[in-house]
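As structure tokens, the structure follows; a few thoughts come after it.
All values derive from a computational prediction rather than experimental measurement.
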Amino acid sequence: MGALVLAQGDGFVAPGAKDFNLGPIFGEGTFVTKPMVLAVLAAVIVGAFFLIASRNLKIVPSKFQFAAESIYDFGRNNIAREQIGAKDFRPFVPLILGLFSFILVNNIFGIVPLIQFPVMSHIGFPLALSLLVVYPVYHYVGFKRHGFVGYLKKETVPAGAPGFILPLLTPIEFLQKFMINPITLALRVFAAMFAGHLLLLVFTLGGEYLLLEASAALKPVSIVSFAFAIILTFLEALIQVLQAYIFALLSANYIGAALAAEH
């Protein structure tokens, strides 16, 4: 931060939220932006990956088939089955696997050369997945299994809670289950992708400025800045995978909780 403060006096502008507001890629008057194109590209990549991998299945799998089967097994058994339960998980495997794969590809775009932008760092994309996909699914299956009144009671009246505390506890439970949960689900991945990409920008652009524009005494500091950028890139790759996993895991957990007999 000290180097950035020194650089600001010479014209360095530290990256911020403005750097995530990418304009239309086809000029003014159009609405197609880079994140939109990347989101579509991610869907194509995920679909093509599983279609090609499953087109000619063999008993002894190729490396490509083995990779696809490993991802499928991870989404099916380690996420969907564990969180939803062995009895009910099968219909939700495509959803959970799709969420994990789609978010993972969009996150990894942040460290892919030339692309270098994590789509989930735009809050609208994780919010759309949470509010338009996950939220309707887990409440729909809950209402379908328990009935309208039964599901509301299960979600807002904790089992074993004393009656005198219910007037306070029930509104809190309602807000959490029907309003807060879908928002926090989106905010987790958004915050991680936004903060991680912003840090990479700070060290990369800061190192570039120190190397090219700063005084001779500060130029060696650029090596430190670039070194941190490289380290953070590996750390960001790990976080990108973890955030895709957490989003899919929590989605499956919400579905499992909605289907469960007890609160």
So, does K34 use its side chain to make a donor-acceptor pair with the main chain of I115 at under 3.5 Å? yes
Any side-chain to backbone donor/acceptor pair from Y135 onto F178? Under 3.5 Å, distance only. yes
Got I123 and L187 here, is their nearest side-chain heavy-atom distance under 4.5 Å? yes
According to side-chain hydrogen bond (donor to acceptor under 3.5 Å, both in side chains), does anything in residues 112-134 pair up with another residue at least two apart or in another chain? List the pairs. none
Indicate yes or no: at least one non-hydrogen side-chain atom of M193 is less than 4.5 angstrom from one of I239. yes
So, do F74 and F100 have ring centers that fall under 6.0 Å from each other? yes
How would you list, by chain and number, every residue that makes a ring-ring contact (aromatic ring centres under 6.0 Å, His included) with F49, sequence neighbours excluded? F64
Side chains of N181 and L250: closer than 4.5 Å at any heavy-atom pair? no
Are any of the side-chain heavy atoms of K144 and Y151 separated by less than 4.5 Å? no
Flag the pair V189 / N107 as yes when at least one side-chain heavy-atom distance between them is below 4.5 Å, and no otherwise. yes
Pairs meeting criterion side-chain hydrogen bond (donor to acceptor under 3.5 Å, both in side chains) with involvement of residues 52-69, two or more places apart: Q65-E69
Going by salt bridge (charged side-chain N to carboxylate O under 4.0 Å, His left out), name the residues that satisfy it together with R90, two or more places apart in sequence or in a different chain. none
Under the 3.5 angstrom rule, does the side chain of T170 hit a backbone N or O of P167 as a donor-acceptor pair? no
State yes or no: are the ring centers of F148 and F143 separated by less than 6.0 Å? yes
What residues, two or more places apart in sequence or in another chain, satisfy salt bridge (charged side-chain N to carboxylate O under 4.0 Å, His left out) together with D73? none
F89 side chain reached by I255 side chain, heavy atoms, under 4.5 Å: no
Does any N or O in the side chain of S222 come within less than 3.5 Å of the main-chain N or O of K219, such that one atom is a donor and the other an acceptor? yes
Are the side chains of E236 and I111 in contact, using a 4.5 Å heavy-atom criterion? yes
If you look only at pairs with a residue in residues 248-258, which of them pass as a side-chain hydrogen bond (donor to acceptor under 3.5 Å, both in side chains), with sequence neighbours excluded? Q83-N253
On a heavy-atom basis, the closest approach of T204 and A229 is OG1-CB, 3.7 Å
Can the ring centres of F203 and F226 be said to be less than 6.0 Å apart? no
Donor-acceptor check, side chain of H146 to backbone of A260, threshold 3.5 angstrom: yes or no? yes
Using side-chain heavy atoms (C-beta onward) and a distance below 4.5 Å, is F190 in contact with F125? no
Can you tell me if D19 uses its side chain to pair, donor with acceptor, with the backbone of G16 under 3.5 Å? yes
